[in-house]
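Here is the naming used below: chain letters follow the sequence lines, and residue numbers restart at 1 for every chain. Just so it is clear, the values below take in all heavy atoms, side chains as well, and ignore hydrogens, waters and symmetry mates.
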Amino acid sequence: MNSRSSSRAASNAAAFTSSSASSGDSRKRSRNPPTTNPQRPLRSKAKSPFADFRSYMVEKNRKLRAQFQADATTSSLGAGSSRADSGDDKGIFHGVSIFVDGFTIPSSQELRGYMLKHGGRFENYFSKHTVTHIICSNLPDSKMRNLRCEQVFLVNFASSVLICSLLSIVFGLFWLRAFSHGLPVVRPQWVLDCLAANRLLNFCSYFQLIMWGMPMKLVLPPEGQCFRCDGPSGQASEELECMKVEKLFGEINANPESTDLEVKFSVPPASGAIPTPLSMINKSYMGHQKIHESLDSSVNCIGASNQGHSTLTDPNFVENYFKSSRLHFIGTWRNRYRKRFSNLLTGYKSSNEKTNCCVTKQKASIIHVDMDCFFVSVIIRNFPDLVDKPVAVCHSNNPRGTAEISSANYVARNYGVKAGTFVRDAKACCPHLVILPYDFEAYEEVAEQFYSILHKHCSKVQALSCDEAFLDVTVCDDDPEEIASMIRKEIEDTTRCTASAGIAGNLLLAYLATRSAKPNGQRFIPSEKVEDYLKDLPVMALPGIGYATYEKLKSRQIQTCGQMYMISKEALQKDFGIRIGDMLWNYCRGIDNRTVEVVQERKSVGAEVNWGIRFNNLTDCHHFLVNLCKEVSLRLQGCGLQGRAITLKVKKRKKGAAEPLKFMGCGDCESVSRSITVPVATDNVVALQRIAKQIFASFHVECDYEYSHIDVKEVRGIGLHITKLESSDISRKVQLAFMCLTSDQDGDCLKPEGVAKSTLKF
DNA sequence: ATCCTCCCCTAC
DNA sequence: TAAGGTAGGGGAGGAT
Ligand SMILES: Nc1ccn([C@H]2C[C@H](O)[C@@H](COP(=O)(O)OP(=O)(O)OP(=O)(O)O)O2)c(=O)n1
Ligand SMILES: [Mg+2]
Ligand SMILES: [Mg+2]
């Protein structure tokens with residue numbers, strides 16, 4: 001029970017066995033950029049109708065793709081079969097792909113119609129990869145409109161906060177303008193004149209003057225401070241307003257029906273209607289009785305027949321997969337924690353401020369606590385006979401299978417079994433290994449007990465994962481080692497699972513101390529022992545140094561912290577970059593300047609699946625993408641966030657790569673990702689789908705080897721990530737306010753209580 | 001210099 | 001059979 005100063009951490013050969021784990025399979029990464037440049041769609045020149053089955057399929061698949069694209073991109077191809085797409089009879093806008101920026105005359109819808117009719121394309125979202133021309137009217141028009149709105153707005157609300165929001169909307173235009181990326185910005189008249197001349201005219205004389213197009217930056221001040229607008233060269237150009245702003249996050253909600261900035265402010269149905277994040281309830285790992293599950297067919301018999309283990313057979317794969325994924329569980333745990341303990345996390349001022357100058361003089365006391373073989377410990381409570389047997393948690397007990405061990409107890413670890421090993425390899429090196437199934441609800445419950453105890457003993461708790469946290473006990477009166485001891489005892493009494501703890505002067509050393517205290521132990525590293533402790537420590541034991549960095553260091557004859565200690569900071573920075581070099585130099589000296597952060601701002605929301613992804617046709621692939629968008633949209637809404645940048649990632653079997661070692665795995669892949677930034681943050685599922693579809697289209701995933709950049713049959717993983725996040729609160733209010741303004745349209749959306757609520761706040 | 005995009009790396 | 005997710009840090013290299 002006592003802190004045995006085991007030397008396991010140092011002598012453990014885990015670092016060296018891990019190389020075999022990644023042999024030949026997917027974990028290898030390619031540094032290569034995408035070999036292709038899918039700048040323009042490669043069109044096969046379809047000749048005679050379907051000479052054979054193959055060309056029939058090619059044609060069919062192209063139609064499918066075109067149909068799919070129609071949402072995000074509209075092109076004459078998508079317009080349907082009425083138009084013969086063959087030979088020379090391409091419309092006058094063939095090869096032209098426009099993006100309409102802001103208010104135009106003719107309207108963007110009219111322009112869209114012209115493009116469709118005459119062989120061009122119309123993009124709903126700007127991307128330098130897909131757009132060839134930006135269409136933009138004179139700014140004053142749109143500006144006037146916006147300003148007029150602003151005045152009405154003033155009359156109605158007399159709210160300075162809202163002015164700020166309005167201004168940010170106006171500046172959205174500037175930002176958008178700055179997106180031109182060297183593409184021609186052309187007046188809409190060009191389109192009309194081309195039509196009149198019945199040919200593609202040189203657009204040079206139609207260049208739109210970008211009068212106010214210098215990038216402007218709207219500075220969002222810290223709470224309660226002045227609000228400024230900085231001009232191009234950094235000088236404060238205008239002091240716009242000086243006001244108390246509790247928080248100003250941004251702009252109105254994206255309108256899924258239109259990207260025009262003078263949008264009709266209708267509430268997007270999906271995001272506005274359901275305030276409760278149903279997704280969170282559905283996904284709850286706490287639901288002892290699965291009430292809400294009845295909402296989705298998957299649990300009940302209806303959909304069950306279709307359920308499978310891949311996208312080939314399960315139309316509801318996204319949802320079903322996540323239900324069983326351990327990595328999804330631990331990956332999403334932090335958000336559930338945020339919700340569950342939000343009362344303890346809010347109002348805590350960011351310790352980022354170095355205001356604790358008085359504290360810095362005092363030497364910090366950090367405790368790191370981590371549950372021992374968490375997933376196993378929780379399950380094994382029900383099997384007391386197994387405590388001295390080798391046990392692991394895994395989906396499968398198949399001795400020839402490729403299911404992964406999630407956690408192994410310390411008996412099993414002595415045989416070399418650890419998280420991530422295939423069950424067949426685990427069985428090979430430990431034939432008597434007992435496999436137990438997962439119980440995510442139980443993990444959730446124990447984690448809650450764990451954190452309740454931590455928060456009881458200390459107010460500065462930083463959650464690292466469901467079984468691991470840092471505590472800053474610098475200002476506590478009690479002896480840190482005694483606190484750790486008490487906490488560990490209470491954890492064991494409450495949960496019947498053991499935890500280990502490390503105590504030291506900074507996060508790094510506390511973390512390392514826990515490692516050498518495990519299992520069921522604790523260790524204090526006094527500052528005078530630090531050098532001794534680090535001297536022979538393998539570099540791989542340092543947090544932030546994984547397999548790749550380890551290999552890189554090894555090739556430079558650096559394997560221990562002691563050896564790294566000898567390398568100059570400059571040399572490390574040259575080889576690993578400024579920040580990482582700095583980190584290496586610090587860590588091998590036991591220096592760590594990080595502080596315990598109770599609240600951590602979320603910077604991205606995303607979902608991806610890289611298992612069970614197999615498609616035989618584009619339809620299924622599109623279907624999957626649509627569901628992934630739903631998932632991400634629900635997650636955004638579930639945590640009250642909206643984002644401006646949407647990134648789509650596609651994993652594709654690497655050229656020459658064999659079938660994955662792992663059943664239904666992604667194997668050795670290259671991945672491509674591409675993002676689109678829109679001017680208005682969104683959480684709306686329709687908007688996400690449109691944007692994701694547009695990006696997907698730009699990858700040119702097709703069913704046809706010769707003409708596609710990615711064969712849909714080789715897609716092994718898809719991910720969707722949202723960044724440039726803003727809170728949805730404010731934007732929702734502003735949006736409602738706008739609806740009030742423009743009450744002529746969508747008046748039925750004006751839920752009285754909604755408006756009342758929003759005005760109340762102001 | 002600073003920002004942005006597209007990656008890779010890391011940890012649980 | 002089996003459930004290889006999630007989010008942050010940061011580097012390279014290009015645009016501005
Ligand atoms: N590759 C991984 C790593 C972790 N986990 C899950 C199972 C672990 O039980 C839990 C906590 O991770 P830890 O790194 O803390 O590992 P353990 O708690 O299992 O063991 P230890 O005693 O080393 O902390 O996260 C996982 O499923 N797959
Ligand atoms: Mg643990
Ligand atoms: Mg842990």
Side-chain angles (χ1 to χ4, degrees), chain A residues 22 25-34 127-129 178-179 181-182 214-215 217 232 234 307-310 314 317-318 320-335 370-371 374-375 394-398 400-404 406-407 419-420 422-424 438 463-468 511 540 542-552 573 575-583 600-613 635 645 647 649 651 660-667 669-677 716-717 719 721-724:
Chain A
S22 65
D25 203 83
S26 61
R27 307 298 163 105
K28 259 194 261 166
R29 291 162 205 264
S30 119
R31 255 240 151 248
N32 299 344
S127 163
K128 64 179 175 180
H129 300 287
F179 284 156
H181 284 278
M214 298 295 282
K217 197 175 172 188
Q307 236 174 280
H309 308 299
S310 76
D314 185 357
F317 188 67
V318 174
N320 289 327
Y321 173 72
F322 283 149
K323 275 183 196 156
S324 299
S325 163
R326 79 185 201 276
L327 291 177
H328 172 75
F329 172 83
I330 60 178
T332 50
W333 172 86
R334 178 184 300 274
N335 300 317
D370 188 308
M371 304 292 291
F374 185 51
F375 280 17
C394 184
H395 274 305
S396 161
N397 197 12
N398 177 356
R400 292 181 311 181
T402 56
E404 276 175 38
S406 172
S407 178
F422 288 164
V423 63
R424 69 174 178 213
Y438 292 88
L464 289 189
S465 77
C466 59
D467 85 325
E468 186 173 350
Y511 173 89
M540 188 94 154
L542 294 174
I545 299 185
Y547 182 71
T549 314
Y550 164 76
E551 284 293 320
K552 219 165 143 181
Q573 287 177 330
D575 286 356
F576 297 90
I578 304 285
R579 310 291 300 269
I580 292 177
D582 206 41
M583 178 199 79
Q600 288 152 295
E601 188 193 10
R602 196 139 171 224
K603 294 173 179 165
S604 75
V605 174
E608 67 185 275
V609 181
N610 299 301
W611 189 90
I613 300 294
R635 288 189 199 181
T647 306
K649 188 170 85 172
K651 264 183 196 284
L661 279 179
K662 184 174 175 60
F663 174 69
M664 280 297 148
C666 60
C669 284
E670 39 190 304
S671 62
V672 275
S673 77
R674 197 167 270 183
S675 62
I676 286 184
T677 299
R716 293 281 182 273
H721 298 267
I722 314 298
T723 50
K724 302 188 181 171

Can you check the distance between B:dC9 and C:dG4, where both ends of the measurement are the C1' atom (answer in whole Å)? 16 Å
Strictly below 4.0 Å: does A:S310 bring a side-chain N or O up to OP1 or OP2 of C:dA3? no
Would you tell me if any nitrogen or oxygen in the side chain of A:R424 comes within less than 4.0 Å of OP1 or OP2 on C:dT1? no
Parallel, tilted or perpendicular, as decided by the 30° and 60° cut-offs, for the rings of A:W611 and A:F317: parallel
Counting side-chain heavy atoms from CB outward, which of C:dG9, C:dT6, C:dG4 is closest to A:A607? C:dT6
Is the shortest side-chain N/O distance from A:R334 to OP1 or OP2 of C:dG8 below 4.0 Å? no
Under 4.0 Å between a side-chain nitrogen and a carboxylate oxygen: does that hold for A:K651 and A:E608? no
Out of B:dT5, C:dG5, C:dG11, which nucleotide sits closest to the side chain of A:R579? C:dG11
Check every strand shown and say whether A:K552 touches a base, only sugar-phosphate, or nothing at a heavy-atom separation below 4.0 Å. nothing
Check every atom of B:dC12, B:dT10, C:dA3 against the side chain of A:E468 and return the nucleotide holding the closest atom. B:dC12
Classify the nucleic acid contact of A:T647 as base, sugar-phosphate or nothing, counting any heavy atom under 4.0 Å across all strands shown. nothing
Starting at the 5' end of DNA chain C and moving along, which residue's nearest nucleotide shows up first, A:G331 or A:F317? A:F317
Length of the NZ-P vector between A:K603 and C:dG9, whole Å: 4 Å
Residue-phosphate contact under 4.0 Å: A:N610 side-chain N/O, C:dG5 OP1/OP2: yes
Flag if over 12 foreign heavy atoms under 6.0 Å of CZ, A:R579: no
Take atom CD1 of A:I580 and atom P of B:dA11, then tell me their distance rounded to the nearest Å. 12 Å
Taking OP1 and OP2 of C:dA3, is either one under 4.0 Å from a side-chain nitrogen or oxygen of A:K662? yes
Give one of base, sugar-phosphate or nothing for A:L542, where a contact means two heavy atoms less than 4.0 Å apart. sugar-phosphate
Looking at C:dT1, C:dG5, C:dA7, which one has an atom nearest to any side-chain atom of A:N398? C:dT1
Under 4.0 Å: is that the gap between some side-chain N or O of A:K649 and OP1 or OP2 of C:dT6? no
Please give, in whole Å, the distance from C:dG11 P to A:I578 CD1? 7 Å
What is the separation between atom NZ on A:K128 and atom P on C:dA15, rounded to the nearest whole Å? 8 Å
Please determine if a side-chain N or O atom of A:R602 lies less than 4.0 Å away from the OP1 or OP2 oxygen of C:dA7. yes
Taking only the side-chain heavy atoms of A:Y511 (C-beta and beyond), determine which of B:dC6, C:dG4, B:dC12 contains the nearest atom. B:dC12
Can you tell me how far CD1 of A:I613 sits from SG of A:C666, rounded to the nearest 0.5 angstrom? 9.5 Å
A:I545 CD1 to B:dA11 C1': how many Å, rounded? 13 Å
To the nearest Å, how far apart are A:E601 CD and C:dT6 C1'? 17 Å
Of the candidate nucleotides B:dC6, C:dA3, C:dT6, which contains the atom at the shortest distance from the side chain of A:H395? C:dA3
Whole-Å distance between C:dA3 C1' and A:W611 CH2? 4 Å
Does B:dA11 have its OP1 or OP2 closer than 4.0 Å to a side-chain nitrogen or oxygen of A:S465? no
Do A:D582 and A:Q573 make a side-chain contact, defined as non-hydrogen atoms from C-beta onward lying under 4.5 Å apart? yes
What does A:R326 touch in the nucleic acid at a heavy-atom separation under 4.0 angstrom: a base, only the sugar-phosphate, or nothing? sugar-phosphate
Check the orientation of A:F375 and A:F329. Use parallel for under 30°, tilted for 30 to 60°, and perpendicular for over 60°. perpendicular
Minimum-distance nucleotide to A:D467 side chain [options: C:dA7, B:dC12, C:dG8]: B:dC12
Within 6.0 Å of CZ in A:R602, more than 12 heavy atoms from elsewhere: yes
Residue A:S673, side-chain heavy atoms: nucleotide from C:dG5, B:dC6, C:dG8 that is nearest: B:dC6
Measure from the side chain of A:H328, starting at C-beta and using heavy atoms only, and say which of B:dC9, C:dT6, C:dA3 lies closest. C:dT6
Options C:dG5, C:dA7, C:dG10, nucleotide nearest the side-chain atoms of A:S604: C:dA7
Please state how far atom CD1 in A:I330 lies from atom P in C:dA3, giving the value in whole angstrom units. 13 Å
Looking at every strand, decide which applies to A:L464 at a 4.0 Å heavy-atom threshold: base, sugar-phosphate, or nothing. nothing
Give a yes or no on whether the backbone of A:F663 and the side-chain of A:T402 come within a donor-acceptor separation of less than 3.5 Å. yes
Hey, which of these two, A:G665 or A:Q600, hits DNA chain C nearer its 5' end, going by closest nucleotide? A:G665
Quick one: is B:dT5 close enough that its OP1 or OP2 comes under 4.0 Å of any side-chain N or O from A:T677? yes
Tell me whether the side-chain N/O atoms of A:Y321 come closer than 4.0 Å to OP1 or OP2 in C:dG5. yes
A:H129 vs B:dC6: side-chain N/O to OP1/OP2 distance below 4.0 Å: yes
